[in-house]
Amino acid sequence: MAEILVLGAGMVGVSTALALQARGHEVVMIDRTAPGRETSYGNAGLIQTEAVEPYAMPLAPGALLQIAMGRGYDVKWNVSGLLSQAQAVLTYARNSLPAAHKRASQTWGKLIRQSTERHGPLIAAAGADNIIRRDGYIEIHRTPAKMDKARKVAERFLTEFGVEATLMDGKQLARLEPSIKIEVEGATHWSDSWNCADPGGLVAAYATLFQKRGGRVVVGDAGDLHRAGKGWKADEAEGEHAVIALGPWSPMLLARYALKVPMVYKRGYHKHYHMETPPNHPIADFGNSVVLSPMRRGLRIATAAELTPHPRLSPPQLKHGEKAAQELFHIGAPVEAEPWTGRRPCMPDMLPVVGRVPDHENLWAHFGHGHQGFTLGPVTAEILADEMDGGQGWAELQPMRLKR
Ligand SMILES: Cc1cc2nc3c(=O)[nH]c(=O)nc-3n(C[C@H](O)[C@H](O)[C@H](O)COP(=O)(O)OP(=O)(O)OC[C@H]3O[C@@H](n4cnc5c(N)ncnc54)[C@H](O)[C@@H]3O)c2cc1C
């Protein structure tokens, strides 16, 4: 029996396995598919040292009315999507109010600021430098009012969190990004963030590194987790300890262990488009609720959030994103016929769940990274590994808080 069984091989699970292995533990990881094929595959590929505040629900009356009426593209919803997670959404909204959001940001900001420092050695050891760029991403602003707001955000982030950014006008942006064919008001270059041209490929490279270092990856069903003596068994994999790192599927498994995990499932979509001259950086056009990332497969248009259990074949957010991308660039035909879709695993208090599962010996939780799990996987993995080795863990992240 291995010492530790990690359930789930997304960015969070693979990072957990590597962190534990580096501390000398024998680790086995189980996933029903190859590593990095779910949420950690489909994201915008940003390793975001600038995302120092968790994503708050827009609560201004105008924004709320827009969401309620189904206008705008930031948050879409349908009745079954809202009802199935109503309590969690309401708590998320309450935690988006300024005082609670500031509290969460203090913890979140500390985590986020460690992200490139934690990814760096893994990228090097996994030989994945060829899919990483370390020159940030660009957030464009289409109106003077948005540009003014961006200036204030950049100043505040620098003062409070030490985040570096360069503000530029439309002409400076045109020089940096000649493939943008219209002149916009201006942009923020979040220069110390990184980006990845193949997010699923990075997770797979980390998993290969784990295997090269002696770790074992089993293809099987983690939903089958059960006690085996003092330890745990899932399908063909066994360990004295088990870590639940199943992203948006984690609450389903924990329900079997009498821990009710409220989660907001924010569905996103992406599709790739052929492009002869892609931008030099990912371009975030938050006014149109999309991120446009140059990837190996083409320009990836990734959308904001939809609260729905059932994905759509032709999501309006993606159609709108395609229009915004066409306005900015000469984009070619779609690479795939159907969009990819997945769900961001968001906790209502906006903080990931990292630590010991109450009432179940040797059972650990590691999930709920919301909009930034691709960024944060290696950061919280280190925190969990330290706690499993007898450290204190982080009080704010403990699963115990779910029982109150
Ligand atoms: C459109 C979009 C854009 C995003 N952009 C970014 C970004 O730019 N930067 C960023 O940091 N984050 C981004 N995110 C968020 C990020 O992708 C997630 O937070 C992160 O991938 C979550 O990782 P995870 O390992 O927890 O989950 P996952 O990657 O989903 O991994 C969970 C694993 O569990 C496995 N699993 C589930 N059930 C079972 C079972 N029964 N048996 C065996 N295995 C099972 C799955 O196969 C999967 O491999 C984005 C998300 C979306 C949707």
Side-chain angles (χ1 to χ4, degrees), residues 1-22 25-43 45 119 122 126 128 131 196 198-228 231-257 261 263 265 268 340-345 352-354 357 362-370 373-378 380-381 384-385 388:
M1 182 187 285
E3 237 185 300
I4 300 167
L5 165 61
V6 175
L7 311 170
M11 179 55 90
V12 173
V14 173
S15 302
T16 311
L18 280 166
L20 288 163
Q21 186 184 51
H25 297 288
E26 193 194 328
V27 182
V28 58
M29 188 162 56
I30 183 167
D31 201 294
R32 62 185 168 204
T33 170
R37 298 315 298 163
E38 292 283 359
T39 332
S40 300
Y41 161 79
N43 55 67
H119 272 282
L122 299 180
I131 49 171
C196 174
D198 179 2
L202 184 64
V203 179
Y206 284 2
T208 303
L209 175 65
F210 165 70
Q211 286 172 299
K212 275 193 190 144
R213 290 176 171 173
R216 204 157 62 86
V217 180
V218 172
V219 178
D221 183 12
D224 165 54
L225 184 73
H226 55 273
R227 278 279 179 202
W232 297 94
K233 185 161 195 238
D235 219 316
E236 297 301 312
E238 284 183 86
E240 288 163 40
H241 295 254
V243 180
I244 299 176
L246 295 170
W249 293 275
S250 305
M252 221 156 66
L253 182 60
L254 274 163
R256 280 185 33 215
Y257 294 93
V261 180
M263 192 176 263
Y265 301 93
W340 171 90
T341 182
R343 299 166 303 159
R344 299 171 181 88
V353 182
V354 186
V357 175
N362 298 347
L363 189 60
W364 303 83
H366 193 195
F367 57 83
H369 296 70
F374 186 67
T375 298
L376 286 178
T380 49
L384 180 72
M388 291 180 77

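Under the 4.5 Å side-chain criterion, counting only non-hydrogen atoms from C-beta, M11 is in contact with L202. Proximity of H119 to F374: side-chain heavy atoms (C-beta onward) are nowhere separated by under 4.5 Å. Here the side chains of S40 and Y206 are not in contact, with every heavy-atom distance at 4.5 Å or above. Using a 4.5 Å heavy-atom threshold, the side chains of L18 and R213 count as touching.
A pairwise comparison of heavy atoms in S250 and G247 identifies OG-O, 2.9 Å as the closest pair. A pairwise comparison of heavy atoms in V217 and P35 identifies CG1-CG, 4.5 Å as the closest pair. Between I131 and G201, the shortest heavy-atom contact is CD1-C, 4.1 Å. The minimum heavy-atom distance linking A234 with D221 is given by the pair CB-O, 4.0 Å. Listed here is the closest heavy atom pair of A222 and L246: CB-CD2, 4.0 Å. Of all non-hydrogen atoms in V28 and A237, the two that sit nearest each other are CG2-CB, 4.1 Å.
I244 contributes atom CD1, which lies 12.5 Å from atom NE2 of H366 (distance to the nearest 0.5 angstrom). Once rounded to the nearest 0.5 Å, the distance linking CG of L209 with CD of Q21 reads 7.0 Å. Atom-to-atom distance recorded for I4:CD1 and M388:CE is 4.0 Å, nearest 0.5 angstrom. Rounded to the nearest 0.5 Å, atoms OG1 (T16) and CZ (F367) are 12.0 Å apart. Atom CZ of residue R227 and atom CG of residue N362 lie 6.5 Å apart, to the nearest 0.5 angstrom. Separation of atoms CG (L5) and NE2 (H241) is listed at 11.5 Å; rounding is to 0.5 Å.
In this structure a side-chain-to-backbone donor-acceptor pair under 3.5 Å is missing from D235 to G220. For E26 (side chain) and E3 (main-chain N/O), no donor-acceptor pair under 3.5 Å exists by modelled atom type. The main-chain N or O of A2 is never found under 3.5 Å from a side-chain atom of R216 such that the two would form a donor-acceptor pair.
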task = Verify side-chain contact (heavy atoms from CB on, under 4.5 Å) between E240 and H25, making sure each step is shown before the conclusion.
result = CA-CA 11 Å; E240 288 163 40; H25 297 288; over 6 Å; no
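Under the 30°/60° scheme for interplanar angles, the aromatic rings of W340 and Y41 are found to stand perpendicular. Using the six-membered ring where Trp is involved, W232 and Y257 have ring planes that are perpendicular, over 60° apart on the 30 and 60° scheme.
Atom CD of E236 has 12 or fewer neighbouring heavy atoms from other residues, nucleotides or ligands inside a 6.0 Å radius.
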